[in-house]
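Comments concern the structure below.
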Amino acid sequence: MNALPTPPDIVRCAYMDLVVTDLAASRAFYVDVLGLVVTEESETEVYLRTFEEFIHHNLVLRQGPVAAVAALAFRVRTPEDVDRAQAYYEALGCRTERRASGFVRGVGDSVRVEDPLGFPYEFFYEVDHVERLAWRYDLHNPGALVRLDHFNQVTPDVPRGLAYLEALGFRVTEDIEDSDGIVYAAWLRRKDTVHDTALTGGNGPRVHHIAFATHEKHNIIHICDKLGALRLSDRIERGPGRHGVSNAFYLYLLDPDGHRVEIYTQDYYTGDPDNPVVKWDVHDNQRRDWWGNPVVPSWYTEASLVLDLDGNVKAVEVREEPTELAVTVGADGFSYTREGDAEKGFKLGNTL
Ligand SMILES: [Fe+2]
């Protein structure tokens, strides 16, 4: 195998460039309901950030014809790492596009790539700094979103994706597999949390969700209460609950276009070089929800399309290996609550 150039030193997931079909409806969801902070906006774009963020934005809402993800953007450690990113992807044979003045407002010299899995990744260092509103409790709402935590991507071949992302410098923290060696999902980090992105096995390239962090569990409960009060409970797809994987408290919402947003809090520190990898059995009922609550089928099957660098929707490839839904839910599926259980172990009341 030919040696690849040094990969860019990626600091963290930084923002998502998201195409929405009704900008006013999406703005109402992300700003009026979820309380993200508007850094700036125009007729066609809204730039949003979390309360602890000091770079220009964590989410761009962009009016467009098809709901899709235009870029998953990562901050790199130095300006030279943007050069490294471009050289690295060119060596991989991927299409790249460099723009010295950036692809979006508030971000300078950047490179966008169509990566080997078909995802549009962006790498940047230069950025406009804005006020970090961490101490501005006069502005916080009870469900305050304080940080961008991670992305989650759907790809047909998880081991192939892992090999690519580990070579790029990501480290695996957890995965879901079975005794035949099939990998259903994996979590990968650059910053010292459980992940900056995750790979979910399924038809892809698609984006499963973007996740924002709150400080505490009660902030997530408030978001649920608020959605109920607004008669928007149908935006709640799954949760609230406690994950097995990542140990985080979670809630999954769907925005007006069906883009999935996770609200996430209290995973654990992963920064040591010998951080242990946690492996979950796909048949363990507590892997996705520590309390054993079932996962709704839409959570397994639905995800956002992604765009290529010309703005066209990327074709979706079908996963050939068994899906997590197929092996854990339904007539042929099997899950257990206690190791050694011989019968399907979903909670009484499960109707899936
Ligand atoms: Fe997540």
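All of these numbers come straight from a predicted model, not from anything done at the bench. In each ligand, atom 1 is the first atom listed, and ligand 1 is the first ligand listed.
- In this pair, Y252 and H243 present their aromatic rings perpendicular. The plane angle is above 60°, beyond the 30 to 60° band.
- Partner of T39 under the side chain to side chain donor-acceptor pair (under 3.5 Å) criterion, out of R105, H56, E131, R49: R49 alone.
- Within 6.0 Å of CD in E317 there are 12 or fewer heavy atoms belonging to other residues, nucleotides or ligands.
- Within the 3.5 Å criterion, the main-chain N or O of E97 finds no donor-acceptor partner in the side chain of R112.
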query: Does the ring pair (Phe, Tyr, Trp, His ring centres under 6.0 Å) test come out yes or no for H208 and W299, once each step is laid out?
result: CA-CA 8 Å; H208 194 272; W299 191 90; 4.4 Å; yes
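- Protein N, O or S atom count below 2.8 Å of the Fe ion (ligand 1): the structure gives 3.
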message: Go through it in stages, so that I can follow the logic: the residues are R260 and E262, the test is salt bridge (Lys or Arg N to Asp or Glu O under 4.0 Å), and I'd like the CA-CA distance, side-chain angles, deciding distance and then a yes or no.
response: CA-CA 7 Å; R260 186 178 291 104; E262 182 180 17; over 6 Å; no
